[in-house]
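Here the structure comes first, spelled out in structure tokens, and everything after it is commentary.
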Amino acid sequence: MQKLKWWQTAVFYQIYPRSFADGNGDGIGDFQGITAKLDYLADLGVNAIWLSPHFPSPNWDCGYDISDYYGVAPEYGTLGDFETFLREAHARKLRVILDLVLNHTSEEHPWFLESKSSRDNPKSDWYVWADTPPNNWQSCFDGDAWTYVPERGQYYYHYFMKQQPDLNWNNPAVKQAMWDVVRFWLDLGVDGFRLDAIGTIYEDPALTPHTVPMNLAELRRFSETAKTPEEIELKNKYWHDMFCHQWDGPGLHDLMKELRTILDEYDGDRMLVGEDDNIAYMGNGGDELHMVFNFPLMRVERITPDHIRRNQKTRLSALGRLPVEGWPCNTLGNHDSSRLYTRYGDGVHDAELARLNAALVLTLRGTPFLYNGEEIGMTDLIITDPSQLRDTMASWYYEQLVNELKIAPSEAALRAGETTRDKNRTPMQWENSPNGGFSPAKAETWLPVNPNYAAGINVRDQQDAPNSMLNFYRNLLRVRKASPALIGGEYKPLHPKAGSYFAFLRQTDDQTVIVILNYSPDRHELRFRLPQKTAHLLFSSAGRSQKDEATSRISVGAFEVYLAELL
Ligand code: GLC
């Protein structure tokens with residue numbers, strides 16, 4: 001077997017800096033806090049950190065609107081604090097990748113301030129300008145995609161919020177400026193980047209209008225109320241049709257090749273993972289992005305064995321067709337999506353389903369990405385008080401619902417909170433004390449802490465409880481680390497028609513592991529015809545006492561996660 005790179009064997013853990021750990025007691029997470037928790041992460045058993053943006057930002061989009069690519073947001077600390085964090089992470093063998101936002105800057109970035117100041121300044125062509133809106137394109141966050149600037153008497157384009165103007169990537173000077181940023185952080189020693197919204201960098205040069213008979217707010221509302229299969233299909237079509245001309249424009253492959261060349265100049269196998277599921281962005285498998293996310297796995301209401309098998313078949317065969325075989329990358333949650341505990345729960349067996357889904361991400365072939373808090377079973381917290389909303393997407397939608405669509409404020413608040421992202425960004429719950437141990441009791445945290453910290457959803461309480469979610473993750477991570485087949489092995493599905501459980505092998509030349517995820521409340525007696533006769537228990541969520549079973553008949557309990565080495 002080919003020797004795997006660090007990013008192929010690693011388990012990544014996403015830190016959302018605003019919500020991870022508050023070191024100075026101001027209610028906002030920071031580097032001091034993160035650094036103090038590195039032992040926790042090392043002990044959990046993850047190997048790499050993806051850090052969501054830590055740069056200075058006016059925070060219209062919670063750090064994804066960057067006003068200085070070379071700095072650290074003052075509320076998170078200083079560049080020195082960042083360097084300490086990086087050094088301490090590396091000392092614990094934790095790699096660190098940063099979030100790199102290429103598509104847009106903040107409207108407060110000096111480049112934009114200069115660009116918007118006149119039509120003939122040196123940076124006048126660094127953003128996308130037009131005399132009049134050339135089409136009906138929408139911003140995916142806040143309505144019209146073209147916003148007027150009186151200084152220039154022109155409109156600029158923004159795929160995201162109006163506070164996030166799109167850079168003009170057809171301008172070579174923009175590229176050079178951004179590649180300088182990339183080198184700056186690589187020189188400091190970061191191990192790679194998660195590329196934000198990579199598909200949105202280039203648009204359709206013909207500026208083709210969309211054909212959806214609604215604006216963004218109406219489409220959001222329509223999506224919430226769509227119930228019948230026809231309505232749901234139409235809603236999906238509308239989302240596609242509304243934005244299809246604003247994605248995947250020509251030029252991206254060359255751009256990714258250029259960026260990859262820069263990374264490859266450095267030692268240490270620096271890596272790129274794209275926030276996109278398009279395998280084409282991996283180029284020939286060796287010359288563009290190292291990985292893209294398997295988002296189709298998570299884009300469902302329910303994770304079912306059939307869905308998983310179909311997903312694996314499609315993804316793995318597409319990756320296998322690349323000239324250099326592509327490496328998969330799986331996740332079930334991040335700062336943009338409902339928390340996996342809430343999203344894939346059924347209201348009755350949420351805890352069991354969360355464990356099954358965690359095991360899924362940690363045993364499928366590919367690099368797993370976990371989102372901070374999922375290891376203790378954190379849940380969504382729907383914010384219904386509009387004054388507490390921090391996601392601009394939410395406050396914008398609330399205003400639209402009330403003012404344009406004439407929805408009652410109480411319902412509007414609920415819908416805005418439910419369908420946007422504050423709910424899955426609340427502070428990490430470290431212990432059962434006021435503010436969940438994230439901040440001191442007296443501090444006002446930037447988003448409310450989920451009160452369920454007091455009901456056992458916190459690190460401290462789970463640390464010593466052998467059956468806690470935290471120990472489930474820890475133990476499984478340990479088993480994964482010790483099992484070459486789970487890290488690098490091929491994937492072979494078993495019982496391809498089973499509707500209520502998902503069974504598969506992970507296999508290298510030297511080791512075969514069987515994984516059975518029973519997504520049902522029923523016990524199953526499963527019969528396998530395998531060359532190996534004994535299944536030696538590696539892990540079970542059911543507290544089994546018997547270590548070995550005959551592979552001809554393995555019984556799994558309700559919602560059990562079962563892993564065994566075949567001998
Ligand atoms: C990505 C980020 C998201 C952000 C957007 C704009 O999708 O994950 O949080 O709002 O890009 O930068």
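We count residues from 1, following the sequence as given. Just so you know, ligand 1 is whichever comes first in the structure, and atom 1 is the first atom listed for that ligand.
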query: Going by the salt bridge (Lys or Arg N to Asp or Glu O under 4.0 Å) test, which pairs reach into residues 375-403, not counting sequence neighbours?
result: D391-R421

- request: Mind checking the CG-CG spacing from N311 to N294? Nearest 0.5 Å is all I need.
  value: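 The CG atom of N311 sits 4.0 Å away from the CG atom of N294.
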
query: Measuring from W327:CH2 to Q8:CD, what's the distance to the nearest 0.5 Å?
result: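 So the gap between those two atoms works out to 5.0 Å.
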
Can you list the atoms of ligand 1 that are under 4.0 Å from a heavy atom of [X]?
X: D61; result: 4 (C), 5 (C), 6 (C), 10 (O), 12 (O)
X: F141; result: 10 (O)
X: R425; result: 9 (O)
X: H104; result: 6 (C), 12 (O)
X: R421; result: 3 (C), 4 (C), 9 (O), 10 (O)

- request: Answer side chain, backbone, both or neither: which part of R194 comes under 4.0 Å from ligand 1, heavy atoms only.
  value: side chain

Closest candidate by heavy atom, reference atom 11 (O) of ligand 1, pool I198, D196, N334: D196

field: R152 to W129 six-membered ring, cation-pi geometry met (6.0 Å, 45°)
entry: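 Yes, cation above the ring, under 6.0 Å and within 45°.
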
message: For atom 7 (O) of ligand 1, what's the nearest protein heavy-atom neighbour? Residue, atom name and distance, please.
response: E275 OE2, 2.9 Å

- request: Identify, for atom 9 (O) of ligand 1, the protein heavy atom at the shortest distance, and state residue, atom and that distance.
  value: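 In this structure, atom 9 (O) of ligand 1 has D336 OD1, 2.7 Å as its nearest protein heavy atom.
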
query: When the ring planes of Y64 and H335 are compared, do they come out parallel, tilted or perpendicular, using 30° and 60° as the limits?
result: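 Taking H335 first and then Y64, their aromatic rings lie parallel (interplane angle under 30°).
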
query: So which heavy atom on F12 is nearest to which on I97, and how close?
result: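 Result for this residue pair: CE2-CD1, 3.8 Å.
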
